[in-house]
Amino acid sequence: MTDSKYFTTTKKGEIFELKAELNSDKKEKKKEAVKKVIASMTVGKDVSALFPDVVNCMQTDNLELKKLVYLYLMNYAKSQPDMAIMAVNTFVKDCEDPNPLIRALAVRTMGCIRVDKITEYLCEPLRKCLKDEDPYVRKTAAVCVAKLHDINAQLVEDQGFLDTLKDLISDSNPMVVANAVAALSEIAESHPSSNLLDLNPQSINKLLTALNECTEWGQIFILDCLANYTPKDDREAQSICERVTPRLSHANSAVVLSAVKVLMKFMEMLSKDLDYYGTLLKKLAPPLVTLLSAEPELQYVALRNINLIVQKRPEILKHEMKVFFVKYNDPIYVKLEKLDIMIRLASQANIAQVLAELKEYATEVDVDFVRKAVRAIGRCAIKVEQSAERCVSTLLDLIQTKVNYVVQEAIVVIKDIFRKYPNKYESVIATLCENLDSLDEPEARAAMIWIVGEYAERIDNADELLESFLEGFHDESTQVQLQLLTAIVKLFLKKPTETQELVQQVLSLATQDSDNPDLRDRGYIYWRLLSTDPVAAKEVVLAEKPLISEETDLIEPTLLDELICYIGTLASVYHKPPSAFVEGGRGVVHKSLPPRTASSESTESPETAPAGVPSSEQPDVIPAQGDLLGDLLNLDLGPPVSGPPLASSSVQMGAVDLLGGGLDSLMGDEPEGIGGPNFVTPPAAAVPANLGAPMGSGLSDLFDLTSGVGTLSGSYVAPKAIWLPAMKAKGLEISGTFTRQVGSISMDLQLTNKALQVMTDFAIQFNRNSFGLAPAAPLQVHAPLSPNQTVEISLPLNTVGSVMKMEPLNNLQVAVKNNIDVFYFSTLYPLHILFVEDGKMDRQMFLATWKDIPNENEAQFQIRDCPLNAEAVSSRLQSSNIFTVAKRNVEGQDMLYQSLKLTNGIWVLAELRIQPGNPSFTLSLKCRAPEVSQHVYQAYETILKN
């Protein structure tokens with residue numbers, strides 16, 4: 001007998017059985033079969049072989065069966081595009097079915113079938129559904145447009161679906177409006193440059209009307225859309241706020257946070273003097289407090305958002321301290337977040353309450369939480385000066401508990417208190433020294449060593465204490481070793497006779513017996529200082545230390561403003577802008593708060609610079625790493641092209657290849673043909689010897705002793721600022737400023753080599769920027785830059801580079817290469833370097849242009865503390881190419897009418913009102929590109945005040 005019987009069977013297999021059932025005449029059997037197919041598909045079995053049989057089941061009136069078949073279709077259409085075309089006819093038919101549920105189902109499924117071949121067949125049915133009489137069908141069709149746009153954007157634009165979507169914003173049904181807004185927002189995010197959601201007061205009114213009647217998710221879409229709108233004045237902002245405020249009492253926390261986002265954004269435009277402003281602050285507190293009674297996960301999200309809100313406007317929750325007190329059953333992540341907010345809200349009024357609460361927390365069982373609580377007491381002392389005394393005594397009480405980790409945290413924060421209030425609380429040092437033996441954590445040991453070294457003259461046995469640490473020097477962490485080295489050198493400088501042996505011992509341990517380069521370097525520096533010039537050593541090591549600031553952990557202001565625009569999203573939980581965690585640049589738009597209106601600006605105190613106006617003290621903010629690297633990695637840092645950029649140049653790589661060829665071309669490893677030129681050391685003759693020197697005027701040349709470095713036209717030049725600190729660029733420090741002299745712009749750089757090796761092969765490249773600034777010649781460093789050497793270079797610039805709108809407008813991202821590496825930094829250039837010499841308009845032209853520019857483009861600013869008269873103002877501005885077209889006196893006020901022109905041809909017209917004897921001027925600016933006004937105002941301030 002053969003073995004063939006094992007290979008023959010009467011069973012035809014599961015697929016065969018399902019095929020038979022799908023072709024059955026009985027409706028019930030068909031439905032059961034489709035259910036079995038869907039079940040198999042869900043658990044991951046491949047049932048694509050049944051595609052034609054399942055599609056045949058589409059011809060049915062049974063809604064449940066239809067839904068199941070459509071579900072199958074969505075899943076397998078991609079792998080069987082040719083078969084999927086068979087279903088098109090049914091879609092077209094279903095889109096005209098009398099039952100609106102079937103019409104909507106058909107259009108929804110069409111949007112989910114991501115097959116190019118089918119897409120064009122679906123345009124007609126979709127067009128009909130967008131104009132369907134049933135709102136349920138219209139709202140489904142609106143979302144389908146967004147899905148279709150994702151598959152084939154060009155098709156959607158050609159078919160005019162975007163215009164139909166815009167029309168749906170005026171639909172009578174609020175749900176249709178909400179879905180249309182959601183679809184347009186989704187499309188606009190993937191195409192930031194397209195002005196799809198062209199919002200105006202009329203469309204905003206329609207959205208606000210729909211807001212009251214649509215579902216909670218519809219409300220969120222509408223509120224998010226409102227948050228992207230910038231009202232034209234404070235009255236419109238107030239009216240929108242009044243209509244959004246009722247959403248604060250909604251049960252859904254997402255709606256509440258979206259409403260808070262809109263209100264926080266529009267409050268920027270309201271004057272603090274308004275009664276309504278105060279009312280709004282009071283209304284914002286209760287909903288935020290209510291969010292804290294939800295489950296822990298929601299509480300955490302709410303707390304992360306509240307953390308941002310409190311940093312921006314602490315007055316909203318200043319009376320609500322108690323809700324942030326920790327409950328015994330809060331999870332640790334909620335406890336830590338509450339603790340952080342408590343410190344932010346701490347003030348003289350509530351500090352007693354806060355300290356009592358923190359002292360209680362310090363006796364909890366959760367070690368992490370206790371540490372944070374002890375740190376918090378220290379932060380309170382630094383933040384509220386009047387409470388420092390109480391905080392220190394509270395910390396001493398905690399040290400007396402002798403709980404190891406409490407003592408260690410307390411010593412770390414007392415070190416900070418000493419830094420903040422020198423010569424005030426040093427009496428507690430004796431108590432601290434008693435606990436020396438119990439310290440086993442590097443940070444606490446380092447803090448204690450710092451205290452002993454800093455106050456060695458007050459501690460009789462300081463040398464013995466430090467010597468006790470020295471015994472196990474090689475077992476200590478680097479942090480402790482470095483601190484110990486510095487402390488013993490301080491001790492030696494204060495008590496040289498008694499500690500000579502000790503200092504020699506630590507210097508030899510650090511230099512000869514250590515293999516840590518940081519420690520060795522510091523040891524050698526101290527050794528040389530002490531042996532060559534003890535007086536200099538004293539000045540360096542015992543120098544006056546700057547006081548530490550009260551809030552070192554505040555989010556940087558421009559980032560905070562951006563995060564406020566993202567309240568209720570993941571960015572507000574991470575406290576990072578979306579560009580930092582969303583892969584690829586798609587859909588990431590930088591948002592910022594609207595500039596304050598003139599009326600509200602006048603009420604600002606000088607300390608709080610209005611949002612969007614970087615005060616002179618504010619550090620230049622380097623944009624998130626994502627932005628910088630994204631574009632700069634694509635730069636070929638060869639010598640800049642002096643003509644207009646070629647369309648095919650490798651700068652145009654865009655966001656295609658961030659780390660592929662782009663990085664190779666930076667490092668200079670790429671063949672010439674692939675990514676454009678590599679770094680090139682330019683021939684000496686490539687640059688005229690006298691860069692930046694004005695042409696012509698021989699006499700001027702005689703007086704221009706610095707051969708072109710001094711400015712002739714009298715245009716204001718800011719002092720050099722450090723753009724790239726040495727610690728971020730492997731020892732290369734770059735400082736610089738920008739100048740404009742007789743029509744030519746230059747970047748005056750100072751390169752300092754603080755590394756231990758020679759630097760050569762310098763090259764520079766700018767990222768695309770708002771005004772097309774680009775180097776007009778290569779970066780010339782004629783000799784290698786030796787260690788500790790500084791060289792000054794004037795780099796001529798032109799404005800024919802690639803243009804891309806930056807945020808802020810005057811942001812310039814720069815890459816500099818040398819033989820060590822490539823370094824990136826970002827700086828803000830003053831706009832007045834772009835004011836051209838032929839910027840004077842004649843009077844008639846000025847009058848006609850002023851009338852022609854719409855009134856909403858006018859911006860008003862206050863220039864304070866400027867004691868100049870009209871003549872001095874006019875001549876000072878003229879030297880920076882801001883020309884006075886006309887002057888007249890109205891009711892005792894001098895009115896200057898001025899014009900200026902930017903390198904890209906944009907004209908800015910100004911009216912400057914000067915009241916003799918009053919150091920505050922009013923500046924009105926009109927321009928067809930209103931985003932420039934803010935920066936022109938800053939230029940006025942800079943020129944007039946320097």
Side-chain angles (χ1 to χ4, degrees), residues 22-35 37-38 51-77 83-115 117-148 151 155-156 159-161 163-180 182-183 210 213-215 217-218:
L22 286 169
N23 292 317
S24 158
D25 298 334
K26 292 181 182 162
K27 280 187 181 173
E28 274 312 305
K29 210 166 185 185
K30 250 188 191 175
K31 194 155 89 179
E32 281 306 306
V34 175
K35 281 184 179 174
V37 171
I38 298 292
F51 200 93
D53 307 284
V54 177
V55 170
N56 283 338
C57 299
M58 277 174 89
Q59 313 289 345
T60 174
D61 300 331
N62 185 321
L63 190 60
E64 189 185 2
L65 182 54
K66 226 180 210 359
K67 277 184 179 173
L68 292 168
V69 174
Y70 278 174
L71 198 61
Y72 177 90
L73 251 177
M74 283 186 241
N75 202 34
Y76 282 116
M83 303 290 277
I85 290 183
M86 291 164 47
V88 167
N89 277 338
T90 317
F91 281 137
V92 175
K93 225 159 75 190
D94 282 357
C95 284
E96 293 175 1
D97 195 276
N99 182 347
L101 288 177
I102 288 182
R103 297 203 295 275
L105 181 64
V107 81
R108 179 183 295 123
T109 311
M110 275 161 33
C112 295
I113 294 181
R114 304 178 62 82
V115 176
K117 285 185 181 176
I118 297 183
T119 316
E120 51 223 50
Y121 294 111
L122 308 181
C123 294
E124 234 15 79
L126 180 56
R127 186 175 282 109
K128 283 180 186 161
C129 289
L130 281 166
K131 302 216 165 113
D132 199 281
E133 76 248 9
D134 193 287
Y136 180 72
V137 180
R138 291 201 299 279
K139 87 175 179 70
T140 312
V143 177
C144 185
V145 174
K147 290 177 178 171
L148 198 57
I151 304 166
L155 182 74
V156 171
Q159 294 282 344
F161 287 145
D163 297 329
T164 319
L165 259 190
K166 288 181 193 170
D167 295 343
L168 287 182
I169 288 186
S170 316
D171 198 276
S172 55
N173 185 291
M175 265 323 296
V176 178
V177 175
N179 276 21
E213 299 167 41
C214 55
T215 66
W217 296 111

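Heavy atoms only: backbone and side chains are in, while hydrogens, waters and symmetry mates are out.
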Is the closest side-chain donor-acceptor distance between Y70 and N75 under 3.5 Å? no

Taking all non-hydrogen atoms of both residues into account, name the closest pair between V54 and V69 and its distance. O-CG1, 3.7 Å

A178 and C214 have their tightest heavy-atom pair at CB-SG, 4.3 Å

Would you please name every residue forming a side chain to side chain donor-acceptor pair (under 3.5 Å) with K147, sequence neighbours left out? none

Can you tell me if R108 uses its side chain to pair, donor with acceptor, with the backbone of T140 under 3.5 Å? no

Check for a donor-acceptor pair, side chain of R103 on one end and backbone N or O of D97 on the other, with a separation under 3.5 Å. yes

How long is the gap from NZ on K93 to CD1 on I102, to the nearest 0.5 Å? 11.5 Å

How long is the gap from CG on L148 to SG on C112, to the nearest 0.5 Å? 11.5 Å

On a heavy-atom basis, the closest approach of A142 and L130 is N-CD2, 3.9 Å

When rounded to the nearest 0.5 angstrom, what distance separates SG in C144 from CZ in F161? 8.5 Å

For the CD1 atom of I151 and the CG atom of L122, what is their distance to the nearest 0.5 Å? 8.5 Å

Just verifying a value: how many Å separate K139 NZ and D132 CG, rounded to the nearest 0.5 Å? 13.0 Å

Are the side chains of I38 and Y72 in contact, using a 4.5 Å heavy-atom criterion? yes

Name the residue from T109, V107, L101 that meets the side-chain contact (heavy atoms from CB on, under 4.5 Å) definition with L105. T109

E64 vs K67, salt bridge (charged side-chain N to carboxylate O under 4.0 Å, His left out): CA-CA, chis, key distance, verdict: CA-CA 5 Å; E64 189 185 2; K67 277 184 179 173; over 6 Å; no

Using the side-chain hydrogen bond (donor to acceptor under 3.5 Å, both in side chains) rule, pick out the option among D171, N179, T164 that qualifies with R138. D171

Nearest heavy-atom neighbours spanning L126 and M110: N-CE, 4.1 Å

Excluding sequence neighbours, so at least two apart, what forms side-chain contact (heavy atoms from CB on, under 4.5 Å) with K29? E21, S24, K26

Can you confirm whether V177 sits close enough to N173 that some side-chain heavy atom of one is under 4.5 Å from a side-chain heavy atom of the other? no

Correct closest heavy-atom pair for A183 and L165 would be CB-CD1, 3.9 Å

